[in-house]
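The structure under discussion appears below in the form of structure tokens.
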Protein chains: 2
Amino acid sequence: MSHKLKEVLKNISIDCVIFGFNNNELEVLLIKRAVNPYKDYWALPGGFIKKNELVKEAADRILFETTGINNIFLEEFEIFDSVDRFPLWRVLTLGHYALISPNLYHLSTGSDSLEVKWFSINELPDLPFDHLHIINTALMKLRNRVRYKPIGFELLPAKFTLPQLQKLYEVILGKELDKRNFRKKIMKMKLLKMLNEKDKNNIKRPALLYKFDNKNYNRLKEKGFVFEI
Amino acid sequence: MSHKLKEVLKNISIDCVIFGFNNNELEVLLIKRAVNPYKDYWALPGGFIKKNELVKEAADRILFETTGINNIFLEEFEIFDSVDRFPLWRVLTLGHYALISPNLYHLSTGSDSLEVKWFSINELPDLPFDHLHIINTALMKLRNRVRYKPIGFELLPAKFTLPQLQKLYEVILGKELDKRNFRKKIMKMKLLKMLNEKDKNNIKRPALLYKFDNKNYNRLKEKGFVFEI
DNA sequence: TTTTATTAGTGTATAAATTACACTTTTTAA
DNA sequence: TTAAAAAGTGTAATTTATACACTAATAAAA
């Protein structure tokens, strides 16, 4: 790690599970570790919290330093506390996750990472520590959360189509949705702004483009609106 | 604290917010601190995690040592990480909460607590550290959680009446519910076992007693049932 | 230019759930 | 025996959820 042990809280670390959506599949961002233990292994971006850092600040910094990604909404989802999960000493890890639209972020390595890459969650490499368990836990939490908070939208480009949104939810929830009912339900929530543009990506019947109306979502939320899919 | 600093992870502590339900009010369990800082103050039961302890084990032990309560379901709900929240050094606190039926548990003090007592959440004493913030956050999380998981039942005695259950939900959710609709909704879920007994507590028309059918709840859950109030 | 192919977009019927509401019954206390 | 207090109950209207097939709009192919 790039920071001296004396600068950090050596018993508390952070691991980040960054989900993306591509080719109608969920993906997760991994780094190739530059340091031991498990040098050269693909693993979750992670690191230790500095002594005077808030958890949120640390998560943002660690993610940026290892992958080049910043300015995303990281959320704590679980504490991983097995006694021997880190081979050298006792470490509790605060798991964080985020959903991002992969094409919006430029990836770069840092001193702790040799390489950064997206992996389909259906084709993960061997992972060190309990990182597979962390990813699976994050996925379970994501599946539940996405139904009660409009975080799924973060996985789409700023401009998206209703068929894309539906596909995203089908992939996350693992079930087929009726497009008539899905469309009616979403449109009724009044969370989308229709754009006077169509998706022109080699499609016979180009679909209308929308964007998420965050301002209206917050306004409705204050009035007691509850998102649910 | 009763444990030597060298035995614990001094940067990670646990605070427990234990909710009870009494006189149609939510209550929270506090201890009078036996040690500095803030000796003699009423505060949340808390302590440090031992070096080879799982978070869950630590939470259970800390709660038992400070209040005499054990064998309850503690759940982590938030991390409190302000840099100066503990005056002597950097401490991150893993907030845990639980709901219990107060009459089922015998309270006792330990070496860290001079006294243990229930306080109405509407009449809290001055609290040290950020304990008021911790309690308010727990309450917010509780209000949401109680709608999507049948944890509210934990606040009632093993045998309870439907009017008691409704009152509990009204208190937690902060709104009045129609007793006809509430009764229909609850009975339809098939989570209660009707007892051939009535509540005989100085009531003109004694109500039927029920108990929560955990076995059936788990069976229904496996079949895809989702609790929601 | 016309035809074909592919996908987006739409409407209707039924079932289920939610919401709003007042009176009857059952017990204990007076 | 009567009064009081609370539990228990049913109905109607509205909203939401679910299931389903055809039409329309475009680009590619002929």
Side-chain angles (χ1 to χ4, degrees), chain A residues 23-24 146-148 150 153 156-157 159-171 173-212 220 223-229, chain B residues 21 23-24 146-148 150 156-157 159-171 173-212 220 223-229:
Chain A
N23 293 333
N24 289 336
V146 89
R147 295 189 56 227
Y148 301 103
F153 292 87
L156 296 170
K159 300 180 180 182
F160 55 87
T161 71
L162 280 182
Q164 278 173 329
L165 181 65
Q166 177 179 341
K167 194 60 172 176
L168 170 69
Y169 269 94
E170 286 180 338
V171 162
L173 299 181
K175 66 179 182 180
E176 205 169 324
L177 303 172
D178 181 89
K179 66 170 167 173
R180 291 151 290 204
N181 295 331
F182 182 80
R183 177 178 285 258
K184 273 189 302 191
K185 183 170 196 136
I186 292 293
M187 298 313 289
K188 200 171 67 138
M189 294 193 195
K190 296 196 183 303
L191 300 180
L192 301 186
K193 198 173 276 178
M194 190 195 299
L195 309 173
N196 278 335
E197 291 168 56
K198 292 195 170 179
D199 180 24
K200 294 301 185 61
N201 287 324
N202 300 333
I203 289 173
K204 297 304 178 60
R205 177 170 175 174
L208 286 166
L209 287 167
Y210 295 83
K211 58 196 269 190
F212 184 69
L220 291 169
K223 290 179 181 175
F225 167 78
V226 172
F227 179 88
E228 187 169 336
I229 285 198
Chain B
F21 183 62
N23 291 333
N24 289 335
V146 89
R147 296 190 59 230
Y148 301 103
L156 296 170
K159 300 178 180 180
F160 54 87
T161 71
L162 280 182
Q164 278 173 330
L165 181 63
Q166 176 180 340
K167 195 63 171 178
L168 170 68
Y169 269 94
E170 284 180 340
V171 163
L173 299 180
K175 64 178 184 179
E176 205 170 324
L177 303 172
D178 183 87
K179 65 169 167 175
R180 290 152 289 205
N181 296 331
F182 183 79
R183 179 179 286 257
K184 273 191 299 196
K185 185 171 193 134
I186 293 293
M187 299 313 287
K188 198 171 70 137
M189 293 192 197
K190 297 197 182 303
L191 300 180
L192 301 186
K193 197 173 277 177
M194 188 196 302
L195 307 173
N196 278 334
E197 291 167 56
K198 292 194 169 182
D199 181 24
K200 292 302 185 57
N201 288 323
N202 301 332
I203 290 175
K204 300 304 177 66
R205 176 170 176 170
L208 284 164
L209 287 167
Y210 295 83
K211 58 196 269 190
F212 184 67
L220 291 170
K223 291 179 181 173
F225 167 78
V226 171
F227 178 90
E228 187 170 336
I229 284 198

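Only heavy atoms go into these numbers, but all of them, side chains included; no hydrogens, no water, no symmetry mates. Letters go in sequence order (proteins before strands), and every chain restarts at 1. Quick caveat, the model's predicted, so the values are computed rather than measured.
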*asked:* As a test of reading the structure: which of D:dG8, D:dG10, D:dA19 is closest to the side chain of B:Pro163, going by heavy atoms?
replied: D:dG8
*asked:* Against A:Leu162, only a single residue in A:Met194, A:Met187, A:Lys167 fulfils side chain to side chain contact (heavy atoms under 4.5 Å, CB included); can you say which?
replied: A:Met187
*5′-ward residue of the pair B:Arg180/B:Lys185 relative to DNA chain C*: B:Lys185
_Phosphate contact (C:dT27 OP1 or OP2) by B:Lys198 side-chain N/O below 4.0 Å_ = yes
*asked:* Of the options C:dA22, C:dA13, C:dA17, whose atoms approach the side-chain atoms of B:Lys179 most closely?
replied: C:dA22
*With nearest nucleotides of DNA chain D determined for B:Asp178 and A:Lys204 from heavy-atom distances, which residue corresponds to the more 5′ nucleotide?*
B:Asp178
*Exercise: identify the closest heavy-atom pair between A:Glu228 and A:Lys185*: O-CE, 3.4 Å
*Determine yes or no for a side-chain-to-main-chain donor-acceptor pair under 3.5 angstrom, with B:Arg147 supplying the side chain and B:Ile229 the backbone.*
yes
*Expressed in angstrom and rounded to an integer, what is the separation of A:Glu176 atom CD from D:dC20 atom P?*
11 Å
*Whole-Å distance separating the NZ atom of A:Lys184 from the C1' atom of C:dA8*: 16 Å
*Whole angstrom value for the distance that separates P of C:dA17 from CE of B:Met189*: 11 Å
*Could you state the CG-C1' distance from A:Leu162 to C:dT7, rounded to the nearest angstrom?*
14 Å
*Supply the atom-to-atom distance B:Phe212 CZ to B:Leu192 CG, rounded to the nearest 0.5 angstrom.*
7.5 Å
*Of the nucleotides D:dG8, D:dT16, C:dT19, which one has an atom closest to the side chain of B:Asn181?*
C:dT19
*asked:* Measuring from the side chain of A:Arg205 (C-beta onward, heavy atoms only), which nucleotide among D:dA24, D:dA6, D:dG8 has the closest atom?
replied: D:dA24
*With nearest nucleotides of DNA chain D determined for A:Glu228 and B:Arg183 from heavy-atom distances, which residue corresponds to the more 5′ nucleotide?*
B:Arg183
*Which of the following nucleotides, D:dA12, C:dT7, D:dA7, is nearest to the side chain of A:Ile203?*
C:dT7
*Nearest-0.5 Å distance that lies between atom CG in A:Leu191 and atom CZ in A:Phe227*: 6.5 Å
*Measure the distance from CZ on A:Phe182 to P on C:dG11 and round it to the nearest whole Å.*
18 Å
*Rounded interatomic separation in angstrom, taking CG from B:Leu177 and P from C:dT18*: 13 Å
*When the distance from CG of A:Asp199 to P of D:dA25 is rounded to whole Å, what number comes out?*
18 Å
*Using a heavy-atom cut-off of under 4.0 Å over every strand shown, decide if A:Lys188 touches base, sugar-phosphate, or nothing.*
sugar-phosphate
*Whole-Å distance separating the CZ atom of B:Phe160 from the C1' atom of D:dA7*: 16 Å
